[in-house]
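Take a look at the structure set out below.
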Amino acid sequence: MSLEQQVLSTFPSVENIPAPFALSEPLEYPHYLINGEILTWSGEMEDVYSPIEILKNGVYEKALIGRCPVLDAEVGLQAMDAAVAAYDNGMGRWPTMSVADRIRHMEDFCSSMTEKRDEVIRLMVWEICKSAKDSAVEFDRTVEYIRDTIDALKDLDRANSRFTIEKNIYAQIRRAPMGPVLSMGPFNYPLNETFATLIPALIMGNPVIVKAPKHGKMLLAPLVEAFRDCFPKGVVSILFGDRRLVTPIMKTGKINVLAFIGASTSADALRVSHPHPHRLRCVLGLEAKNAAIVLEGADMESTVQELLTGAFSFNGQRCTAIKIIFAHKSRVDELLERLCEGVGKLKVGMPFDEGVNITPLPVPGKTEYLNELVRDAEAHGARVVNEGGGTVVKSLFYPTLLYPVNSEMRVYHEEQFGPVAPVASFEDERDAIDYLVQSNYGQQVAIFGKDPDQIAELIDPLVNQVCRVNINSQCQRGPDVFPFTGRKDSAEGTLSVSDALRCFSIRTLVAAKGNAGNKALLTAILRQRQSNFLSTDFIF
Ligand code: G3H
C-alpha cells in the first residue's frame, strides 16, 4: 500500500469511530448568552464541519458537527450594553463584590463545568482534531488553572488585607477591576487559552464579553448554561461570530481591556477600532518562531525526543512549537538521521485513534499553504529529508523535515504553524543568535548541549532576545504559574496564574493622614465591615 493509501485509510467509516466519539446528530445551537439570558438567534447560521471526512458508501463526506450563530453588530452592541450595565461605572454588584464572594461564584462555575467534561472533549476532538488524550489534558489543565487562579487571588488578597504606613500616611493598597473586557482565544487551545484570560478577568471583578474562536467554537456551547447560572447577569456574554460582531463592540470605545490570542493582524485591527486607544489595555498572545539550537556536545537521544515533541505535538500548531532548528555542522547529519527515524514513528491518523500524533488540520487552506512553503524551500535549495515528507491527503499533512534551509526561504521567516520542521546548520553559534536578533518574534528558544561554558555564553545574549530560554527541553508555556510572554511581535502583557490577575486589574489605594480622627474613622469602617475594599478580613 502506498503512503497516500495508508494515510487515506485512517479516515474512518461510521462503524470505525470509537463509541465515546461516535457521530451523533449535529449539534444545532442557535443560542448565545447576554445579560443573564440564553437567547435564540434567528439570523444567519454557520455550518461547523470537522476536518475529518467520513467514508460513506464509498464516498468521503465532510462530517458536520453542528451549527451555530453568526451574530451581527446589533447583538454585539447589546452585549456591550449589558457589560456596561453590569459594571455600572465600577459600582455594579460584581465589581464591588467581596473577593470571597467572587471566589464562591467561580467555584460554582468550576464544579458545573466539570460535569460537561466529556461533551467538551468530544467537540474539541471533532472540531479541531486535537487527539482525545490531548483534548482531555486541555480540559483538565483548564480546570486546574481555575483552581490555581482562585488560590492565587486568595494569596493576593491576604497580602493586601493589611495597611501600609509610610510617612504617617495609612494606606490600604489593593487591585481594583478595569471595566469591560473583550476576550478572544485561538483555535489551537480554544478552551484553555480563552479561559486563560476570561477567568482572571472575571474573578478580578470585570464583566467579560467572550467571542468564541473561529475554529473550536462549538465546545463553548455546553458551558453556556453554567455561565448563566453561576454569574450575575451581564457579567459574562458568550457570542459566536466574526469581525462584523467584534469591530462594532470595539468601536463603542467602552472596552477597557482587549485580551486576544491569535494573529497580530487581527489584534492590530481590533486595537485601532477603539476610538481612544490610550484607554485600552491590551493583553496579547501573538505569533512566534521559536528556534532550537543544537550544540556540538548535545545528547542526541534526548535532544531528538524534545525536538520531536517540540516541533510536532498537535501537528506543530502551538505558539510555543519549535519552528526552526539550528544544528552544529558537526552533528547535523546524525541529527537528521535520528529525526527522520523519529518522524517515521509518529502515528498519523484520526484524533480518536490510540497513540496518534499527527491529525487532520482544522484551518481551511492550511495544507496548501504548507505545501507552498515546502515548494519554495525546494526551489531555494532545500530538500525534504524524511520519507513521505510533504505528502498531503485531504486535511492531513504528513510530518516533514526540510534541510538545509536558509534566509532566502519563506519557511525560514514565516510561522508555519503546522507539521513542517526546517533545519539549518551553523559553524558559529553567532549565526543562531543573529537569527533571533533579526527575527520579528521573541517568545522562546531551546538550547541543547552539555558544556556549561558554552550554554552560559548563550544564555546571557538570548535572555534579551526572548522571554524563556529552555535548556535541553522543548519550548512550552507551562507550568501555568510561570510567566508566559514574548518580545517584539510575539506578545503584549504577561500571562501566568498570578500575572494574569494583575493584567486585568489596577493598583488602587485608600490613604489617610495618620491623625487621631482618621484613625478612629478607619477603625470604625473596618470594625463594622462597611467596605469590601477597605477591609482587613483574611480569606482562609
Ligand atoms: O499556542 C500556544 C500555547 O500557549 C502553547 O502552550 O506550550 O502549553 O502547548 P503549550
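The residues of the chain are indexed from 1 along the displayed sequence. Both ligands and their constituent atoms are indexed starting at 1 by order of listing.
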*Are Glu387 and Tyr398 close enough that a side-chain donor and a side-chain acceptor fall under 3.5 Å?*
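On atom types as modelled, these side chains do not qualify, holding no pair under 3.5 Å.
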
_Could you identify the single nearest non-hydrogen protein atom to atom 5 (C) of ligand 1 and state the distance to 0.1 Å?_
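In this structure, atom 5 (C) of ligand 1 has Thr320 OG1, 3.2 Å as its nearest protein heavy atom.
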
_Heavy atom of the protein closest to atom 6 (O) of ligand 1 (residue, atom name, distance)_ =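 Answer, as residue, atom name and distance: Arg477 NE, 3.0 Å.
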
Output the list of atoms in ligand 1 that are nearer than 4.0 Å to some heavy atom of [X], sorted by atom number.
{"X": "Asn188", "result": "1 (O), 2 (C)"}
{"X": "Gln476", "result": "7 (O)"}
{"X": "Arg141", "result": "8 (O)"}
{"X": "Phe484", "result": "4 (O)"}
{"X": "Glu193", "result": "2 (C), 3 (C), 4 (O)"}

*Proximity to ligand 1 by part of Glu138, non-hydrogen separation under 4.0 Å*: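 Neither part.
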
Salt bridge or not for [X] and [Y], using N-O below 4.0 Å?
{"X": "Glu107", "Y": "Arg102", "value": "no"}
{"X": "Glu138", "Y": "Lys130", "value": "yes"}
{"X": "Lys394", "Y": "Glu53", "value": "yes"}

*Any side-chain heavy-atom pair from Val411 and Lys323 closer than 4.5 angstrom?*
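The answer is no; the side chains never approach within 4.5 Å.
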
Would you say [X] and ligand 1 have an N/O pair spaced under 3.5 Å apart?
{"X": "Tyr189", "value": "yes"}
{"X": "Arg318", "value": "yes"}
{"X": "Cys319", "value": "yes"}

*Establish, yes or no, whether a centroid distance under 6.0 Å links the rings of Phe231 and Phe109.*
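Centroid distance Phe231-Phe109: below 6.0 Å, so yes.
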
_Can you confirm if the aromatic rings of Tyr435 and Phe326 lie within a centre distance of less than 6.0 Å?_
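Yes - the distance between ring centres of Phe326 and Tyr435 falls below the 6.0 Å cut-off.
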
*Compute both the distance and the angle, then confirm whether Lys133 meets the cation-pi test with Phe352: under 6.0 Å from the six-membered ring centre, within 45 degrees of the axis.*
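Relative to the ring axis of Phe352, which defines the angle, Lys133 lies outside at least one limit.
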
